**Student:** 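Here it is, the structure in full.
Chain A is the first sequence line, chain B the second, and so forth, proteins listed ahead of strands; every chain is numbered from 1. All of these numbers come straight from a predicted model, not from anything done at the bench. Basis for what follows: all heavy atoms, side chains included, without hydrogens, waters or symmetry-related copies.
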Amino acid sequence: MKNHVKYKNDKRFILSENIIGYIDGHGNIIDTQTAQDPCGVTPIEFDNSQKALEIIRHSTAHLMAQAITELYPNSQFFVGPVVDEGFYYDFRVDEKIGEEDLKTIEKKMKELIKKKYIIEKYEISKEEALKKFANDDLKLAVLSRIPDNVVSIYKQGEFEDLCRGPHVPGLRFLNNFKLTRVAGAYLGGDEKAEMLTRIYGIAFADKESLNAHMTMLEEAKKRDHRKIGAEMELFMFNEEAGAGLPFWMPQGAKLRVKLEEILHKAHRIRGYQPVRGPEILRSDMWRTSGHYACYGENMYLTEIDEQEYGIKPMNCIGHIQIFKQTQKSYRDLPLKFYEYGVVHRHEKSGVLHGLLRVREFTQDDAHIFCTPEQISSVVLEVVEFVDAVMKLFGFNYTMEVATKPEKAIGEDSVWELATQGLKDALDGNSLPYTIDEGGGAFYGPKIDVKITDALGRKWQCGTIQVDFNLPQRFDIEYVAEDNTRRQPVMIHRAILGSFERFIAILTEHYAGEFPFFLAPTQVIFVPIAQSHVAYANTLKQVLMLEGIDAEVSDKNDSLNKRIRTAEKQRVPYVVVIGDEEVGTQTVAIRDRRAKEQYNLTQDEFMVKLKQQLQEGKI
RNA sequence: GCCCAGAUGGCUCAGUGGCAGAGCACUUCCUUGGUAAGGAAGAGGUCGGCGGUUCAAUUCCGCUUCUGGGCUCCA
């Protein structure tokens with residue numbers, strides 16, 4: 001260790017046993033190993049503050065690496081950062097590591113903690129580091145990314161790791177952790193590179209917080225749309241039919257139809273006209289559009305009468321043909337076509353995920369043909385439409401402006417114009433957004449609307465895309481005021497994104513307790529005895545005529561059992577019908593959403609239900 | 001597509017190199033009950049598919065389909 005500058009923990013800086021680091025004037029974390037002067041720094045207590053957890057979790061990642069090194073001596077480590085949901089470490093190992101092995105690693109980590117190692121730091125020159133890790137290509141890869149000439153090494157017991165820190169003073173601060181999952185991860189995030197083993201974990205300052213976190217995860221799992229979807233018989237998949245191809249069961253289809261109807265009305269009152277294009281189009285058309293070249297690997301192709309056809313992965317081409325069919329005037333613009341377009345995309349097998357990521361889905365797709373001058377107002381109108389839908393369901397969402405991707409058609413200047421158009425619409429109305437560099441569609445930039453699911457994952461739903469390219473490729477035009485032929489701009493947009501993904505998120509958002517206007521079965525009548533079934537059936541018919549899905553539960557089960565079954569199906573209103581109700585022409589309601597019971601007359605009940613149907617209006 | 005882990009009645013899950021198990025659901029019967037599981041009987045599985053090892057495979061091995069957790073990519 002000659003030449004190494006070693007930082008001793010100077011006792012003067014240790015204000016208490018509970019300090020695990022400091023924050024300097026710039027908000028940076030300085031760990032106790034690095035801190036030299038306590039002036040102008042704020043101590044970080046050993047608690048669950050964001051800064052404290054960052055240090056604790058990073059050190060826990062190191063502790064895990066130390067344990068793995070002891071259990072698998074040939075393992076080599078790449079990077080082990082702190083992420084939103086804890087920490088991970090990527091490493092290469094000869095053995096296969098599975099979920100079961102996590103327990104063994106945790107046990108070893110606990111053993112190491114008992115050895116009460118302190119964590120020390122020393123610095124060496126990059127040159128020395130290159131020599132020191134000459135036999136470790138992963139460490140060399142890490143070193144190659146560090147521009148500094150001096151690098152730091154952290155040491156606990158025999159274990160040393162190249163690291164920038166920060167770390168807790170000793171292992172005694174690392175008692176409350178859990179290794180959560182083992183996964184594969186590409187070296188450097190590059191799909192073509194080697195795949196390393198990654199273990200994720202979480203850590204807190206105290207056991208209670210760790211337990212609370214694990215409980216929260218369990219709760220989130222209960223809301224998983226795949227679980228609720230099976231329980232409520234909303235949708236299914238079938239091994240023989242193939243992966244990523246959802247089947248909508250009656251309950252799910254009823255919910256979906258309600259959503260479709262709400263959206264139909266919302267589109268019509270906003271001046272959209274329904275259209276529909278074919279499911280498959282000749283490949284020549286996909287060549288003209290650029291899909292064949294830019295999106296071909298995601299398309300399903302087939303042959304009919306020796307001609308190649310492509311199943312549509314997007315709906316724009318169909319809408320363009322409909323636009324072209326009749327001559328358009330500037331007076332027609334903006335012209336808005338919408339379609340619940342079924343699309344097929346060959347998503348990689350590993351990315352399929354319940355209804356959130358499938359190979360066949362239906363977009364609430366629309367294309368707005370307008371003049372360049374109209375872009376800003378059209379985009380704004382769409383943003384307001386998005387907001388109305390999000391508010392209806394109480395979603396928080398974020399917007400991202402996605403710019404030109406690597407694989408794209410069209411001139412840079414056109415791209416810039418379109419991108420600026422999107423930004424202007426948002427800036428002009430002071431709507432917040434972030435930039436997703438290179439995340440645009442191949443034909444144009446877009447605004448993505450992202451919603452967070454029960455597990456905190458963000459999903460792209462709505463999207464607004466400005467497109468100068470397809471109008472040019474298909475040579476579409478309108479007659480301007482001065483009788484010249486001009487090219488319109490296309491705005492591609494979806495509000496839900498897809499019914500599949502949106503319903504998945506709705507399911508998790510409501511934990512299956514859908515609002516009345518969406519619930520698959522909205523009212524279930526429970527007649528107490530056979531003699532009350534006729535009255536229940538009459539009421540059911542009245543509701544059905546009003547467009548309210550109602551059922552009568554007249555199975556040969558006890559009253560309690562039938563109420564329990566209805567409750568478990570998450571039906572908003574369970575209505576019990578007995579002698580009293582038949583006699584007075586009333587209903588006894590169990591209101592699942594309000595969690596209360598009360599009696600109403602038939603008329604009062606109808607008024608209440610119709611009122612609640614209206615809540616689904618946008 | 002890549003890494004890891006799985007697949008046992010409709011569902012949730014036990015279990016085993018030698019006869020396949022439970023709860024719920026389902027069917028029939030009894031029960032007609034006033035707000036979250038009344039009772040009895042019964043039916044239902046080539047242990048995901050194909051191949052191999054073995055006297056014998058649901059169990060061990062290989063491939064494959066599908067599922068789950070990630071990576072990469074996307075609505």
Side-chain angles (χ1 to χ4, degrees), chain A residues 88 90 92-93 95-102 180-200 221 224 226-227 230-231 233 236-245 295 297-298 313-314 341 343 345-359 361-365 402 405 439 441 446 448-451 455 459-463 492 494-502 504-505 526-533 554-568 574-581 588-590 592 597:
Chain A
Y88 68 77
D90 281 353
R92 182 193 287 139
V93 63
E95 294 82 356
K96 283 188 175 181
I97 295 187
E99 302 281 342
E100 285 302 303
D101 302 311
L102 294 185
T180 48
R181 49 187 170 245
V182 54
Y186 294 110
L187 173 59
D190 178 1
E191 194 184 357
K192 291 173 191 78
E194 170 192 5
M195 183 154 274
L196 302 175
T197 301
R198 172 176 296 181
I199 296 181
Y200 283 91
K221 266 188 201 162
D224 190 310
R226 291 165 299 186
K227 184 174 158 62
E231 276 170 22
E233 299 185 357
M236 54 174 262
F237 290 92
N238 177 290
E239 181 180 339
E240 287 179 62
L245 303 171
Y295 205 75
E297 56 198 23
N298 287 311
M314 299 184 194
V343 295
R345 299 183 182 176
H346 184 221
E347 302 291 348
K348 288 174 182 172
S349 60
V351 307
L352 302 174
H353 185 97
L355 283 183
L356 284 166
R357 194 82 181 270
V358 289
R359 286 182 172 154
F361 57 100
T362 306
Q363 297 180 297
D364 59 326
D365 206 1
K446 57 182 184 170
D448 281 332
V449 178
K450 304 204 173 191
I451 312 180
L455 294 168
W459 292 92
Q460 182 180 331
C461 292
T463 179
H492 308 240
I495 310 276
L496 308 183
S498 75
F499 284 92
E500 286 73 11
R501 180 172 290 181
F502 197 78
I505 295 174
V526 182
I528 289 176
Q530 204 56 43
S531 58
H532 312 123
V533 172
D554 59 352
K555 259 188 52 185
N556 185 15
D557 275 328
S558 68
L559 177 69
N560 283 349
K561 180 63 179 292
R562 284 177 292 147
I563 288 170
R564 175 183 156 82
T565 305
E567 288 283 345
K568 287 196 79 177
V574 178
V575 178
V576 177
I577 302 292
D579 284 340
E580 199 182 307
E581 287 71 27
I589 295 163
R590 269 180 79 102
R592 182 170 165 80
Q597 291 181 32

**Student:** Look at the side-chain N and O atoms of A:Tyr200 and state whether any lies under 4.0 Å from the OP1 or OP2 oxygen of B:rC71.
**Tutor:** yes
**Student:** Find the distance A:Leu196:CG to B:rG70:C1' and express it as a whole number of Å.
**Tutor:** 13 Å
**Student:** I'd like the P distance from B:rC13 over to B:rG48, given in whole Å.
**Tutor:** 15 Å
**Student:** Between A:Glu500 and A:Gly578, who's closer to the 5' end of RNA chain B by nearest nucleotide?
**Tutor:** A:Gly578
**Student:** Are more than 12 heavy atoms from other residues, nucleotides or ligands located less than 6.0 Å from atom CD of A:Glu95?
**Tutor:** yes
**Student:** B:rG38, OP1 or OP2 - any side-chain N/O from A:Ser558 closer than 4.0 Å?
**Tutor:** yes
**Student:** Nearest whole angstrom, please: distance from the P of B:rU12 to the CD of A:Glu233.
**Tutor:** 12 Å
**Student:** Please name the nucleotide paired to B:rG17 by Watson-Crick or G-U wobble geometry with both distances under 3.5 Å, or report none.
**Tutor:** none
**Student:** Quick check on B:rG68: is either OP1 or OP2 less than 4.0 Å from any side-chain nitrogen or oxygen of A:Arg226?
**Tutor:** yes
**Student:** Within less than 4.0 Å of OP1 or OP2 of B:rU32, is there a side-chain N or O belonging to A:His532?
**Tutor:** no
**Student:** Phosphate oxygens OP1/OP2 of B:rG70: is one of them under 4.0 Å from a side-chain N or O of A:Arg181?
**Tutor:** yes
**Student:** Of the nucleotides B:rU35, B:rA75, B:rC29, which one has an atom closest to the side chain of A:Asn556?
**Tutor:** B:rC29
**Student:** Could one point to a donor on the side chain of A:Arg357 or the base of B:rC74 with an acceptor on the other under 3.5 Å away?
**Tutor:** yes
**Student:** With a 4.0 Å cutoff (strictly under), does any side-chain N or O of A:Lys348 reach OP1 or OP2 of B:rC73?
**Tutor:** no
**Student:** Could you identify the nucleotide paired to B:rA36, looking across every strand shown and requiring Watson-Crick or G-U wobble geometry with both distances under 3.5 Å?
**Tutor:** none
**Student:** What is the distance from CG of A:Leu352 to C1' of B:rU65, rounded to the nearest Å?
**Tutor:** 13 Å
**Student:** Is there a side-chain contact between A:Arg345 and the phosphate of B:rC73, meaning an N or O under 4.0 Å from OP1 or OP2?
**Tutor:** no
**Student:** Measure from the side chain of A:Glu239, starting at C-beta and using heavy atoms only, and say which of B:rU65, B:rU35, B:rG33 lies closest.
**Tutor:** B:rU65
**Student:** Taking all atoms of both residues into account, what is the closest heavy-atom pair of A:Arg562 and A:Ile528, and its distance?
**Tutor:** NH2-O, 3.5 Å
**Student:** Nearest whole angstrom, please: distance from the P of B:rA7 to the CZ of A:Phe237.
**Tutor:** 21 Å
**Student:** What is the separation between atom CG on A:Leu559 and atom P on B:rU31, rounded to the nearest whole Å?
**Tutor:** 18 Å
**Student:** Strictly by Watson-Crick or wobble contacts shorter than 3.5 Å, is anything paired with B:rU54, and which nucleotide is it?
**Tutor:** none
**Student:** Mind calculating the distance between NZ (A:Lys221) and C1' (B:rU12) to the nearest angstrom?
**Tutor:** 16 Å
**Student:** Searching all strands shown, indicate the nucleotide that pairs with B:rC74 (Watson-Crick or G-U wobble; both distances under 3.5 Å).
**Tutor:** none
**Student:** Does OP1 or OP2 of B:rA25 have a side-chain N or O of A:Lys561 closer than 4.0 Å?
**Tutor:** yes
**Student:** Paired with B:rU27 by Watson-Crick or G-U wobble geometry, both distances under 3.5 Å: which nucleotide is it?
**Tutor:** B:rA41
**Student:** Any donor-acceptor pair under 3.5 Å linking the side chain of A:Asp448 with the backbone of A:Gln460?
**Tutor:** no
**Student:** Using atom P of each nucleotide, how far apart are B:rU58 and B:rU8 to the nearest Å?
**Tutor:** 15 Å
